[in-house]
Amino acid sequence: MNERTLTCIVCPNGCLLTVDAAPDGTLNVGGNMCPKGVKFARDEIIDPVRTFTGTAATSFKDHPVEPVRTSGDVKIKEIARLAEYVNSLVLDRRYSPGEVIEENVLGTGAALIATGDMKEDTL
Amino acid sequence: MRYDVIVIGAGPAGLEAARAAREAGKTVLVIEREARAGGILKQCVHDGFGVIRYGEKLTGPEYAYRTLTAAKAAGAEIKTGTFVTKISKTADGFKVETTSRAGMASDESLSLILATGCRERTPRQVDIHGTRPAGVLTAGACQNFVNLKGLLPGKRVVILGSGDIGLIMARRLTLEGAEVIGVYEAKSTPSGLERNLRQCLDDFGIPLHLKHTVTDVYGQKRVEAVAVSAVDDNMTPVGEKTIVPCDLLVVSVGLIPENELHESLGLKTAPATKGIDVDQYMMSADVPGLYSVGNALHVHDLVDYVSESAATAGRDVGKRRERNLIKTETEGLQYVVPQYIDASALGEKTIFYMRSPKYYKKAVVRLYADGELKQTKRVTNVRPPEMLRIPFSFEAEDSVRIVLEEDGV
């Protein structure tokens with residue numbers, strides 16, 4: 001038996017999870033307050049995932065950067081590549097929160113979506 | 001103009017209080033000094049907001065957008081780019097004087113909600129002195145530069161303090177191409193949420209040095225290096241100083257409620273929360289009709305609870321004339337909000353927000369009313385950086401007492 005402890009980052013409860021790896025490879029998860037903890041612990045051990053968040057430059061002076069994120073989790077090893085890609089973008093139209101900027105960004109299976117409101121009037 | 005309620009601050013607290021008051025049929029004016037509503041959430045581009053309230057992992061701008069959209073849909077009038085210069089008591093309410101591009105104005109209301117948020121403790125407040133080279137920033141100022149202005153304020157970064165915003169910025173600066181050398185924390189335990197230590201530092205291999213602090217900043221025009229040193233249990237530097245070359249020092253050493261406006265009304269700042277004392281509807285214990293919500297009342301760890309308590313205040317506007325206030329006595333707690341209970345208006349549930357002064361693997365919170373034990377709630381993994389939120393159902397006439405202690409002693 002090989003036991004590991006992890007802090008679940010799915011929600012702010014931050015459950016302290018224990019993961020037991022049985023010799024046959026099955027993982028037993030404990031300490032979770034909800035089923036999401038089990039999935040988190042398994043992903044975390046096998047292939048961890050995160051939601052990417054960042055900002056992309058725009059061509060608008062009143063809104064020089066637009067916050068963006070992936071529509072869902074992507075593999076942690078894709079994060080650096082995504083950051084580099086997003087940092088190379090210049091958005092030339094105004095987005096609203098939730099609007100898709102690019103589907104299946106870098107083949108991750110997740111869409112890159114806008115999260116800030118660029119259409120709002122400013123003074 | 002005359003309103004039922006004026007709300008100062010259009011962050012998540014102010015907007016949600018405004019929505020709730022408006023939906024209860026009140027006329028509402030929200031005053032915001034920034035050009036856009038949404039508050040600090042606008043610059044919190046990371047996710048994790050709204051898991052409790054919406055069951056979704058939203059970013060700050062998305063959470064702000066939802067709250068703003070709901071407040072607008074409810075019909076709240078929001079004046080942005082408007083700065084409050086003075087608030088005062090009138091015979092039956094409050095007068096709020098403002099200045100904006102449209103000029104000076106004065107509005108009156110029966111109730112007033114302070115939703116002015118909090119400020120960051122500055123480097124000077126943690127005894128970092130010397131010359132003032134460019135490149136010493138609070139974590140929030142750094143976040144503003146990177147996430148709103150699209151500027152990278154440094155390439156080789158030292159972070160002092162393990163508060164959440166510092167941890168979030170460690171990740172953010174790394175993803176923007178800067179090198180974060182390490183996070184130094186004078187205390188023996190981290191200040192930020194466990195989940196942020198994991199996903200912001202561990203994921204990127206950024207070291208956290210507990211019981212270490214920055215003692216000196218070097219550089220004339222620009223930061224060139226800092227000196228770091230181990231500290232003892234009294235946070236006094238001990239041993240050799242290590243010089244760490246860097247061009248940016250980010251300081252994340254805590255938040256303090258903005259208290260200038262309530263002090264101008266003659267209200268005392270409570271030492272434990274740095275906000276005012278309120279009842280369970282967030283109404284000031286001293287000035288009827290005055291409310292304080294969100295981080296202006298006490299610094300929250302989650303915006304979801306800011307929205308919850310702000311809505312409680314908004315719904316209460318104009319409802320109560322007489323109050324029977326009882327002080328909430330505490331034992332084993334850093335603080336509890338509400339500090340007072342209006343015993344004449346106890347609802348089905350009264351939600352207490354509290355912080356523990358120490359770590360407990362297992363603890364128990366007990367509520368006593370009129371000297372009798374009414375309810376017991378078990379809690380696990382209690383940490384000072386994480387607020388406890390506990391709803392209690394009880395009746396009380398002359399005393400309320402909340403006790404936190406280790407479970408099983």
Side-chain angles (χ1 to χ4, degrees), chain A residues 5-17 31 33-34 36 40 44 48-58 60-73 76-77 79-84 86-87 90 95-98 113-123, chain B residues 34-38 42-52 55 57-66 68-69 80-82 100-101 146-152 168 171-172 174-177 193-200 202-204 301-305 361 380-381 383 386-387:
Chain A
T5 57
L6 297 171
T7 301
C8 182
I9 60 167
V10 175
C11 93
N13 280 330
C15 291
L16 202 60
L17 307 175
M33 281 158 69
C34 83
K36 289 177 188 159
F40 171 80
E44 198 66 8
V49 294
R50 299 285 185 267
T51 301
F52 169 80
T53 62
T55 56
T58 79
F60 304 101
K61 243 177 129 179
D62 64 319
H63 207 112
V65 282
E66 168 67 356
V68 298
R69 67 172 169 100
T70 48
S71 56
D73 285 338
I76 213 167
K77 53 189 177 227
I79 295 281
R81 213 158 59 92
L82 274 168
E84 203 176 315
V86 167
N87 287 341
V90 178
Y95 289 88
S96 291
I113 65 172
T115 68
D117 185 11
M118 294 168 74
K119 291 176 182 164
E120 197 188 12
D121 287 340
T122 54
L123 297 172
Chain B
E34 289 196 0
R36 292 188 178 100
K42 294 193 300 288
Q43 69 184 53
C44 302
V45 305
H46 56 282
D47 69 342
F49 302 92
V51 176
I52 294 163
K57 218 165 52 170
L58 301 173
T59 61
E62 288 169 293
Y63 194 101
Y65 182 71
R66 281 201 192 190
L68 175 61
T69 305
T80 53
T82 304
S100 70
R101 282 196 190 170
V146 177
N147 292 350
L148 292 179
K149 299 189 172 71
L151 303 169
L152 190 61
I168 296 283
R171 172 176 63 183
R172 193 71 192 99
T174 305
L175 289 176
E176 287 293 325
L193 299 176
E194 195 62 41
R195 59 197 300 269
N196 285 335
L197 295 168
R198 176 88 194 102
Q199 63 182 349
C200 298
D202 298 355
D203 276 6
F204 299 94
D301 50 357
L302 299 178
V303 69
D304 304 66
Y305 296 141
K361 191 120 186 72
T380 54
N381 298 323
R383 305 175 67 241
E386 290 169 26
M387 202 171 78

Is it the backbone or the side chain of [X] that comes under 4.5 Å from a heavy atom of chain A, or both, or neither?
X	value
B/Asn381	side chain
B/Leu151	neither
B/Glu176	both
B/Val51	side chain

Requested in this report: Give, for atom OH of B/Tyr63 and atom OG1 of A/Thr115, the distance between the pair rounded to the nearest 0.5 Å.
Outcome: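 Spacing of OH (B/Tyr63) from OG1 (A/Thr115) equals 15.5 Å.
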Query raised in the report: Between atom OG1 of A/Thr55 and atom CD of B/Gln43, what is the distance when rounded to the nearest 0.5 Å?
Result: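 Here the rounded value is 12.0 Å.
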Report task. Give the member of A/Gly98, A/Pro67, A/Pro97 that has the highest number of heavy-atom pairs under 4.5 Å with chain B. Result ->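 The answer is A/Pro97.
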Query raised in the report: Can you check whether A/Thr51 reaches B/Gln199 side chain to side chain, under 4.5 Å on heavy atoms?
Result: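 Not in contact.
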Query raised in the report: Crowded around B/Lys149 NZ? As in, over 12 foreign heavy atoms under 6.0 Å?
Result: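 Counting neighbours around NZ of B/Lys149, more than 12 heavy atoms of other residues, nucleotides or ligands fall under 6.0 Å, so yes.
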Report task. Can you tell which part of A/Val10 gets under 4.5 Å to a heavy atom of chain B, answering side chain, backbone, both or neither? Result ->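 It is the backbone, since no side chain atom gets that close.
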Report task. From the options B/Asn147, B/Leu175, B/Asp47, select the one residue that forms a side chain to side chain contact (heavy atoms under 4.5 Å, CB included) with A/Thr53. Result ->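 By the side chain to side chain contact (heavy atoms under 4.5 Å, CB included) criterion, A/Thr53 pairs with just one of B/Asn147, B/Leu175, B/Asp47: B/Asp47.
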Query raised in the report: Looking only at heavy atoms, what is the nearest atom pair of B/Arg36 and A/Asp62, with distance?
Result: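 Smallest interatomic distance, heavy atoms only, reads NH2-O, 3.0 Å.
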Query raised in the report: Quick one: side chain to side chain contact (heavy atoms under 4.5 Å, CB included) partners of B/Arg198, sequence neighbours excluded?
Result: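 Once residues adjacent in sequence are excluded, the partners of B/Arg198 under the side chain to side chain contact (heavy atoms under 4.5 Å, CB included) criterion are A/Ile9, A/Glu44, A/Arg50, B/Asp202, B/Asp203.
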Report task. Could you pull out all residues at least two apart from A/Thr7 that satisfy side chain to side chain contact (heavy atoms under 4.5 Å, CB included)? Result ->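 Here the qualifying residues are A/Leu16, B/Glu194.
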